Amino acid sequence: MKPSKITIIALLCTVFQANSQTMNEWENLLDADLTKWENYLSYRHQIGYNGNIPKDKLGNEIQPIGYNNDVANVFSVLNESEGLVLRISGEIYGALFTRKSYENYHLTLKMKW
């Protein structure tokens, strides 16, 4: 049995309506515990860092700190009067990345140096 044109049109309208509803909804990615984020930390900031793997006093390569091991609180959240603010100390090179993948999005943020 072939689906009728009306069934196909109704299905497409339902899918389009569901997509348009989710496109208009904002997802706040910042919370007090950074639960929507993973982090990676490499090496402590050193004056004169040239991009090579740092070495200890004996000449052995220093291992990066790794994933989700932010014991120095490089990434933290402050509760300011205007709302939650992501604080990055910068003492250790690293990155934050979302747990969930996103595509075709609009990113809105404010930055303070």
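Note that this is a predicted model, so its numbers are computed, not measured.
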Taking salt bridge (charged side-chain N to carboxylate O under 4.0 Å, His left out) as the definition, give me every residue that meets it alongside Arg87, ordered by chain and number, with sequence neighbours left out. none
For Lys110, give me all partners under side-chain contact (heavy atoms from CB on, under 4.5 Å), at least two apart in sequence or on another chain. none
Could you tell me which non-hydrogen atom of Asn69 sits nearest to which non-hydrogen atom of Leu41, and how far apart they are? O-CD1, 4.0 Å
So do the side chains of Val85 and Val77 get within less than 4.5 Å of each other, counting heavy atoms only? no
Ile65 with Val71, same ILVMFWY side-chain cluster at under 4.5 Å: no
Please check if Ile92 and Ile88 belong to a single hydrophobic cluster, counting links between Ile, Leu, Val, Met, Phe, Trp and Tyr side chain heavy atoms closer than 4.5 Å. yes
Among all residues two or more places apart in sequence or in another chain, which pass the side-chain contact (heavy atoms from CB on, under 4.5 Å) test with Asn73? none
Side-chain atoms of residues 30-40: list all donor-acceptor pairs with protein atoms under 3.5 Å, sequence neighbours left out, distances to 0.1 Å.
unit_1, atom_1, unit_2, atom_2, d
Asp31, OD1, Asp33, N, 3.4
Asp31, OD1, Leu34, N, 2.7
Asp31, OD1, Thr35, N, 2.9
Asp31, OD2, Thr35, OG1, 2.3
Lys36, NZ, Asn28, O, 3.0
Trp37, NE1, Leu29, O, 2.7
Glu38, OE1, Asn68, ND2, 2.4
Glu38, OE2, Arg99, NH1, 3.1
Asn39, OD1, Asn68, N, 3.3

Can you name the residues that form a side-chain hydrogen bond (donor to acceptor under 3.5 Å, both in side chains) with Tyr105, not counting sequence neighbours? none
Of all residues at least two apart in sequence or in a different chain, which pass the side-chain hydrogen bond (donor to acceptor under 3.5 Å, both in side chains) check with Ser89? Glu91
Leu96 with Tyr102, same ILVMFWY side-chain cluster at under 4.5 Å: yes
Sequence-distant partners of Pro54, side-chain contact (heavy atoms from CB on, under 4.5 Å), two or more places apart: Tyr43, Gln46, Tyr49, Ile62
Suppose we screen for side-chain contact (heavy atoms from CB on, under 4.5 Å). Which residues come up paired with Glu61, at least two apart in sequence or across chains? Ile53, Lys55
For His45, check ring pair (Phe, Tyr, Trp, His ring centres under 6.0 Å) against everything at least two apart and list the hits. Tyr93
